[in-house]
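This report refers to the structure that appears directly beneath it.
First listed ligand is number 1; within each ligand, the first listed atom is number 1. What you see below is based on every heavy atom in this structure, not just the backbone, and it leaves out hydrogens, waters and symmetry mates.
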Amino acid sequence: MKIGVYPGTFDPVTHGHTDIITRSLRVFDKVVVAVAPNPSKHPLFNLAERLDMVQLVMKDIGQVEVTTFDGLLVDYVERAGAHAIIRGLRAISDFEHEFQMALINRKLARNVETVFLMPSEEYSYLSSTIIKDVAHHGGNLSEFLHPEVAHRLHERIRSLKS
Ligand code: ADP
């Protein structure tokens with residue numbers, strides 16, 4: 001069974017992430033979505049909240065497991081019995097950072113490959129950061145997020161402002 005691990009912060013999960021997961025399932029038998037704590041990124045949602053939203057969005061997509069991990073990603077990938085790290089590539093801006101990560105991960109674990117997938121054009125500009133910006137200014141998020149995720153994001157921003 002070919003297993004791929006898709007790591008990220010998912011703060012919050014967007015249709016861009018879902019698009020990458022759906023595409024991954026054409027290549028892998030199973031995808032493990034690994035939500036990273038990433039405290040240094042100061043996420044808007046805590047780890048449990050991010051996990052819950054990814055689980056909610058993925059509930060109807062088969063062969064997807066949602067979990068969290070701590071420590072080195074490549075160690076987790078090996079523990080999970082997976083063969084590859086899945087990453088999404090948006091515009092060229094993602095490339096440099098992703099290239100560096102892929103090479104360091106390959107140095108750390110020779111047997112773990114990184115596979116890059118490109119999203120549908122309509123999501124190629126989408127990031128959790130830009131979504132949070134739109135939400136902050138009261139913009140409509142229905143094209144970018146699952147309705148419940150959009151609701152939770154608006155609520156979070158409202159509570160921060162009050
Ligand atoms: P990280 O903090 O690791 O960048 P993210 O949750 O921002 O976590 O992203 C996880 C992965 O999903 C990364 O590989 C990122 O490039 C990819 N990704 C995020 N949004 C999109 C999108 N709209 N299209 C394609 N890939 C995306």
Side-chain angles (χ1 to χ4, degrees), residues 3-28 30-58 61 63-77 80 82-106 108-109 112-136 139-150 152-153 156-157:
I3 303 173
V5 172
Y6 181 40
T9 314
F10 304 98
D11 185 42
V13 60
T14 71
H15 287 343
H17 296 121
T18 317
D19 184 87
I20 294 296
I21 295 167
T22 311
R23 287 173 198 284
S24 309
L25 287 169
R26 296 187 185 147
V27 182
F28 295 95
K30 178 178 160 187
V31 173
V32 179
V33 183
V35 184
N38 271 350
S40 61
K41 286 197 167 184
H42 304 293
L44 187 58
F45 293 98
N46 69 32
L47 181 61
E49 291 168 332
R50 284 180 278 137
L51 267 166
D52 189 59
M53 286 186 277
V54 179
Q55 252 146 6
L56 177 90
V57 170
M58 295 302 143
I61 306 181
Q63 301 302 329
V64 176
E65 183 187 325
V66 183
T67 184
T68 180
F69 75 101
D70 218 345
L72 266 186
L73 174 62
V74 287
D75 289 346
Y76 175 72
V77 171
H83 305 89
I85 297 167
I86 300 162
R87 297 290 287 177
L89 263 193
R90 286 161 292 196
I92 313 162
S93 53
D94 273 342
F95 182 76
E96 205 167 310
H97 175 66
E98 294 293 342
F99 185 72
Q100 198 176 20
M101 297 240 299
L103 291 186
I104 189 84
N105 283 331
R106 183 190 280 170
L108 293 168
V112 176
E113 294 294 340
T114 302
V115 174
F116 295 102
L117 294 171
M118 279 181 281
S120 160
E121 302 82 77
E122 59 187 308
Y123 303 132
S124 60
Y125 58 91
L126 204 57
S127 70
S128 299
T129 305
I130 208 134
I131 286 303
K132 284 180 276 191
D133 237 28
V134 173
H136 193 75
N140 180 359
L141 299 174
S142 61
E143 276 184 55
F144 317 118
L145 302 181
H146 181 288
E148 178 58 25
V149 174
R152 290 185 195 184
L153 178 53
R156 175 57 43 93
I157 288 188

Worksheet item: Is the shortest side-chain N to carboxylate O distance from R156 to E49 below 4.0 Å?
Response: yes
Item to complete: Start with the C-alpha distance between D94 and R87, add both sets of side-chain angles, then the distance that settles salt bridge (Lys or Arg N to Asp or Glu O under 4.0 Å), and finish with yes or no.
Response: CA-CA 10 Å; D94 273 342; R87 297 290 287 177; over 6 Å; no
Worksheet item: Strictly by modelled atom types, are N38 and T9 linked by a side-chain donor-acceptor pair under 3.5 Å?
Response: yes
Worksheet entry | Y125 atom OH, over 12 foreign heavy atoms within 6.0 Å | yes
Discussion item. Could you check whether any side-chain N or O of S128 sits under 3.5 Å from a backbone N or O of P12, counting only pairs where one atom can act as donor and the other as acceptor?
Written reply: yes
Taking a 3.5 Å cut-off between nitrogen or oxygen atoms, can you list every pair linking ligand 1 to the protein, with distances?
{"unit_1": "ligand 1", "atom_1": "2 (O)", "unit_2": "T9", "atom_2": "OG1", "d": "2.6"}
{"unit_1": "ligand 1", "atom_1": "2 (O)", "unit_2": "K41", "atom_2": "NZ", "d": "2.3"}
{"unit_1": "ligand 1", "atom_1": "3 (O)", "unit_2": "R87", "atom_2": "NH1", "d": "3.2"}
{"unit_1": "ligand 1", "atom_1": "3 (O)", "unit_2": "R87", "atom_2": "NH2", "d": "3.2"}
{"unit_1": "ligand 1", "atom_1": "6 (O)", "unit_2": "T9", "atom_2": "N", "d": "3.2"}
{"unit_1": "ligand 1", "atom_1": "6 (O)", "unit_2": "F10", "atom_2": "N", "d": "2.9"}
{"unit_1": "ligand 1", "atom_1": "6 (O)", "unit_2": "H17", "atom_2": "NE2", "d": "3.1"}
{"unit_1": "ligand 1", "atom_1": "8 (O)", "unit_2": "T9", "atom_2": "N", "d": "3.0"}
{"unit_1": "ligand 1", "atom_1": "12 (O)", "unit_2": "Y6", "atom_2": "OH", "d": "2.6"}
{"unit_1": "ligand 1", "atom_1": "14 (O)", "unit_2": "R87", "atom_2": "NE", "d": "3.1"}
{"unit_1": "ligand 1", "atom_1": "14 (O)", "unit_2": "G88", "atom_2": "N", "d": "3.0"}
{"unit_1": "ligand 1", "atom_1": "14 (O)", "unit_2": "G88", "atom_2": "O", "d": "3.4"}
{"unit_1": "ligand 1", "atom_1": "16 (O)", "unit_2": "G88", "atom_2": "O", "d": "2.8"}
{"unit_1": "ligand 1", "atom_1": "16 (O)", "unit_2": "R90", "atom_2": "NH2", "d": "3.3"}
{"unit_1": "ligand 1", "atom_1": "20 (N)", "unit_2": "R90", "atom_2": "NH1", "d": "3.2"}
{"unit_1": "ligand 1", "atom_1": "23 (N)", "unit_2": "Y123", "atom_2": "O", "d": "2.8"}
{"unit_1": "ligand 1", "atom_1": "23 (N)", "unit_2": "L126", "atom_2": "O", "d": "2.9"}

Discussion item. Please determine whether the number of non-hydrogen atoms from other residues, nucleotides or ligands lying under 6.0 Å from atom CG of L103 exceeds 12.
Written reply: yes
